Amino acid sequence: MPKLNPEQQRAVETTEGPVLIIAGAGAGKTRVITHRILNLIKKGVAPHNILAITFTNKSAKEMKERVEHLMTEDKEINLPISSRERPFISTFHALGVHIIRENAVLLGLTRHFTIYDRGDSRRAIKEAMIQCSVDPKKYEPATILNMISRAKGDGLRRLEYMDRSKGFMEELVASVWEKYDTILAKEKALDFDDLLLKACHLLEKAEIRKHYSSIWQYVHIDEYQDTNRVQYRIAKYLAEDHQNICVVGDADQNIYSWRGATIENIINFEKDYPDSTVITLEKNYRSTKIILAAANDVIEKNVMRKKKTLYTDNDEGDKIPLIVSYSELDEARAIADGVRESISKGIEPREIAVLYRANFQSRAIEEAFIKKNIPYQLVGVRFFERKEVKDVLSYVRAALNRDSFADINRIINVPARGIGKVTVAKVLAGQENSLPDGMRMKINNFWKLLDDIKREILEKKPSEALKFIIQESGLEKALREGDSEDEEKLLNIQELVSVATQYDSLGAITEVGPQPRTRSDLGIVEVRPQPPEGIEKLLENAALATDQDDLVKNENAVKLMTVHASKGLEFDHVFIAGMEQDLFPFKHMDEDKMDQAEAEEERRLFYVAITRAKKKVYLSYAIIRTVYGAQRVCIPSEFIDDIDKELIEESAPEKPSGAKAIFIDF
């Protein structure tokens, strides 16, 4: 393993006070964070006093594994550290879940509160709209949900939003939000954004803030440029007393403003913490010199950034091929040919990625890959979003939380038990006594099934509890008797059992380090049984799963994904499709011209795309592209012109497929 370079070493050894580490793409930031944690432990800091927060389950898992390896291998650790005591390493949302669970009583919840995924939230928003006499066909529920989500990400409570609302649409959103909150409260549930907002509200209480800041005396925040206002406040609260906060990030990779991330958080860090130390990591260990030269050419035009220039000791590398095609179909065919050529030269399919700006671009590329028999994996089809997987997890959630009407509604007749919608409505309305005797018997059997499932969850390992659910619910029998699609669904829920085995060891473990809080200091006494940690963690990770989590299996297939989904990943060869003006950079249909902030974010997005590549980058564009059913003539992206022409190798377009000529009427 190579030694840390001087700047990395400085970042590892600067442990006291606020520290800003500006880490360029491929500069080894995860290595720096993990070695910094090891250094703290070697200096005498107890592992449970260290917090490290990142953004995806995948990166949190990688960080945990690296810290575990470093702690196991290092011979200089001279503390009597328990083999089970480890730093708290998680995503922001998992941190929120942890804080909320330990303080659930203050929010009127139990430990087993339900976490809504986006599908659950859309369903509840639609129900709230109907209660407000708002037509879901006229106003898209997803749009209203996004507006609420953005407001929560900005730290706004519902009443604050109502006070600030201006115009018809915001007032409509405020009224729907009120009903939506009622549905959440009734079901003892929180949505994805509440996991951060409610945790932030808890930390606003001085006694709770003091409790957690006394536990986590050294706070690390990865990908700080991607934090929104609520995440910023959580980090600030946790570091309020000791000021030992180390943030790692790169303003040049801020690409999530559309979901509330604000670049100002990293730009203004030195204003927030005047005594901060700033360390810049510019040495890249991933890419060739040519790839970095292109990346530097592109990003230096941005104004909102912390100036840096990536460099490397790696090889010069190949020039960047520019593939020019007549249409999106020809472009897809050319990319497929390029991928096959890379594979023929010994590049594993898993080490190749095709990136695009918008999801609709994947269709033509998928078709080309199918025709040429190239194995591929479309990132974005999540395992935990599959209906049959959600059904099994809904049994778990309903058994632990009888107020979760969404889960009960989902599985009360899955598999079919002869319980119709009218009956379900009466059950959920508490009108079981009005049902005929035969139907009441079916409902009682369902409640007994949930009781039996809860007993299994509390007494057995997660994998064993899931096997019980699959068998006793009748799901296994129903799917075995079905068609080939049902067979695939059965394989998926069997795979869920395999996933659950990863959590089996958590069932009987009591964490070493700080224990769950008592409520005596708040005048509240809460007696609760030992929670089933394994099943809690499985539900939590399922709810918080991201597109990248399905890549853990590392299928030997070419990855197709949006540039946004590629953040944090790396591949030997990267093809960037659709390099056309108004597609990449992307201009929304309702915009005449992008403002500077939007333009700079698009440039950062292209910078992220280029720096995913280790050995070779390919750029491609089509002269004509069909968008929304109409053909349009395309202009090459301005980003191509930003790159020094000496770095690019352009090829003439091949003859278009399926046509002798294309006539363009100017």
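Since we're looking at a predicted model, the values are computed, not measured.
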Report task. Give a yes or no on this: more than 12 heavy atoms of other residues, nucleotides or ligands lie within 6.0 Å of atom NZ of Lys461. Result -> no
Query raised in the report: For Lys126, does the NZ atom sit with more than 12 other heavy atoms under 6.0 Å from it, leaving out its own atoms?
Result: no
Report task. Flag the pair Asp403 and Lys188 as a salt bridge only when some basic side-chain nitrogen lies within less than 4.0 angstrom of an acidic carboxylate oxygen. Result -> yes
Query - Lys448 and Asp452 ion-paired at < 4.0 Å - result: yes
Report task. State whether the side chain of His564 and the backbone N or O of Ile255 hold a donor-acceptor pair below 3.5 Å, judged by distance alone. Result -> yes
Query raised in the report: Hey, mind stepping through Arg397 and Asp120 against salt bridge (charged side-chain N to carboxylate O under 4.0 Å, His left out) and telling me if it holds?
Result: CA-CA 13 Å; Arg397 287 158 48 162; Asp120 297 324; 3.1 Å; yes
Report task. Inspect the contact between Lys537 and Glu533 and indicate whether a charged nitrogen and a carboxylate oxygen are less than 4.0 angstrom apart. Result -> no
Query raised in the report: Can you say whether the rings of Phe446 and Tyr395 are parallel (under 30°), tilted (30 to 60°) or perpendicular (over 60°)?
Result: tilted
Query - Any Asn409 side-chain heavy atom under 4.5 Å of Arg123 side chain - result: no
Query raised in the report: With sequence neighbours left out, which residue pairs that include part of residues 425-443 fulfil the salt bridge (charged side-chain N to carboxylate O under 4.0 Å, His left out) condition?
Result: Asp437-Arg440
Query raised in the report: Within a strict 4.5 Å, meaning less than it, do heavy atoms of the Leu449 and Arg417 side chains meet?
Result: yes
Query raised in the report: Can you tell me if Asn556 uses its side chain to pair, donor with acceptor, with the backbone of Arg350 under 3.5 Å?
Result: yes
Query raised in the report: Do the side chain of Glu351 and the main chain of Glu348 share a donor and acceptor less than 3.5 angstrom apart?
Result: no
Query raised in the report: Under 3.5 Å, is there a donor-acceptor pair between the side chain of Arg340 and the main chain of Ile374?
Result: no
Report task. Might you work through the side-chain contact (heavy atoms from CB on, under 4.5 Å) test for Asn146 and Trp258, ending with a clear yes or no? Result -> CA-CA 10 Å; Asn146 287 340; Trp258 49 275; over 6 Å; no
Report task. Before accepting this row, confirm whether a basic side-chain N of the pair Asp407/Arg402 lies closer than 4.0 Å to the acidic partner's carboxylate O. Result -> no
Report task. Test side-chain contact (heavy atoms from CB on, under 4.5 Å) on Val392 and Glu388 and set out the steps. Result -> CA-CA 7 Å; Val392 175; Glu388 60 275 14; over 6 Å; no
Report task. Answer yes or no: is there a donor N or O on one side and an acceptor on the other, between the side chain of Asp191 and the main chain of Asp117, under 3.5 Å? Result -> no
Query raised in the report: Is the number of heavy atoms from other residues, nucleotides or ligands under 6.0 Å of Lys372 NZ greater than 12?
Result: yes
Query raised in the report: Taking it one step at a time, do Arg410 and Ser404 satisfy side-chain contact (heavy atoms from CB on, under 4.5 Å)?
Result: CA-CA 10 Å; Arg410 182 184 185 94; Ser404 184; over 6 Å; no
Report task. Nearest 0.5 Å please: distance from the CD1 atom of Ile347 over to the NE2 atom of His573. Result -> 4.0 Å
Query - Heavy-atom pair of closest approach, residues Ala104 and Arg111 - result: CB-N, 4.1 Å
Requested in this report: With rounding to the nearest 0.5 Å, note down the distance linking CZ in Arg455 to CZ in Phe468.
Outcome: 5.5 Å
Report task. Would you mind checking if Asp572 and Lys616 are paired as a salt bridge, meaning a charged N to carboxylate O distance below 4.0 Å? Result -> no
Query raised in the report: Is the side chain of Glu65 donor-acceptor paired with the backbone N or O of Glu62 at a distance under 3.5 Å, no angle test?
Result: no
**Report entry** Lys567/Glu223 ion pair, N-O < 4.0 Å
**Finding:** yes
**Report entry** Ring geometry between His98 and Tyr212 (parallel below 30°, tilted from 30 to 60°, perpendicular above 60°)
**Finding:** perpendicular
Query raised in the report: Where is the tightest heavy-atom contact between Pro136 and Pro141, given as atom of each residue plus distance?
Result: O-CD, 3.6 Å
Query raised in the report: So Phe369 and Tyr376, would you call those rings parallel, tilted or perpendicular, with 30° and 60° as cut-offs?
Result: perpendicular
Requested in this report: Determine whether the aromatic ring centres of Phe92 and Phe55 lie less than 6.0 Å apart.
Outcome: yes
**Report entry** Main-chain N/O of Pro87 paired to His48 side chain as donor or acceptor, under 3.5 Å
**Finding:** no
Query raised in the report: Is the NZ atom of Lys614 crowded by more than 12 outside heavy atoms at less than 6.0 Å?
Result: yes
Query raised in the report: Looking at side-chain heavy atoms only, is the closest gap between Leu400 and Leu539 below 4.5 Å?
Result: yes
Query raised in the report: Do Glu367 and Lys371 meet the salt-bridge criterion of a basic N to acidic O distance under 4.0 Å?
Result: no
Query raised in the report: Taking everything shown except Asn373 itself, do over 12 heavy atoms lie less than 6.0 Å from its CG?
Result: no
Query raised in the report: Quick one: does Ile234's side chain get under 4.5 Å of Thr227's, heavy atoms only?
Result: no
Query raised in the report: Are Lys467 and Glu456 close enough for a salt bridge, meaning some N to O gap below 4.0 Å?
Result: no
Query raised in the report: Are side-chain heavy atoms of Asp391 and Ile493 found at a separation under 4.5 Å?
Result: no
Query raised in the report: Does a side-chain heavy-atom distance below 4.5 Å link Asp222 with Ile33?
Result: yes
**Report entry** From CG (Leu466) to CG (Leu393), nearest 0.5 Å
**Finding:** 7.0 Å
Query raised in the report: Do you know the tightest heavy-atom contact between Ala399 and Lys454?
Result: O-CD, 3.4 Å
Report summary line: Hits for side chain to side chain contact (heavy atoms under 4.5 Å, CB included) against Arg150, two or more places apart or cross-chain, chain-then-number order -> Asp154
Report summary line: What one should report as the nearest heavy-atom pair of Ile100 and Leu195 is CD1-O, 3.6 Å
Requested in this report: Measure the CG-CD1 distance between Leu329 and Ile365 for me, rounded to the nearest 0.5 Å.
Outcome: 11.0 Å
Query raised in the report: With side chains defined as the heavy atoms from C-beta onward, is the minimum distance between Ile470 and Gln494 less than 4.5 Å?
Result: no
Query - Value rounded to 0.5 Å, distance of OG in Ser342 from NZ in Lys615 - result: 10.5 Å
Query raised in the report: Salt bridge between Lys64 and Glu68, side-chain N to carboxylate O under 4.0 Å?
Result: no
**Report entry** Expected output: side-chain Ser566 to main-chain Leu569 donor-acceptor under 3.5 Å
**Finding:** no
**Report entry** Heavy-atom closest contact (Leu196 atom, Gln231 atom, distance)
**Finding:** CD1-NE2, 3.5 Å
Requested in this report: Please confirm whether the backbone N or O of Ala557 pairs with a side-chain atom of Lys559, one donor and one acceptor, at under 3.5 Å?
Outcome: yes
Report task. Show your reasoning for whether side-chain contact (heavy atoms from CB on, under 4.5 Å) applies to Leu145 and Tyr180. Result -> CA-CA 10 Å; Leu145 176 60; Tyr180 177 56; 4.2 Å; yes
Query raised in the report: Do you know the tightest heavy-atom contact between Arg66 and Arg31?
Result: NH1-N, 3.5 Å
Query raised in the report: If you round to the nearest 0.5 Å, how far is NZ of Lys390 from CG of Leu496?
Result: 13.0 Å
Report task. Could you tell me whether the side chain of His220 reaches within less than 4.5 Å of the side chain of Val248, counting heavy atoms only? Result -> no
Query raised in the report: Would you find a donor on one side and an acceptor on the other, under 3.5 Å apart, between the side chain of Thr34 and the backbone of Thr30?
Result: yes
**Report entry** Flag for Asn401-Thr114: side-chain donor and acceptor within less than 3.5 Å
**Finding:** yes
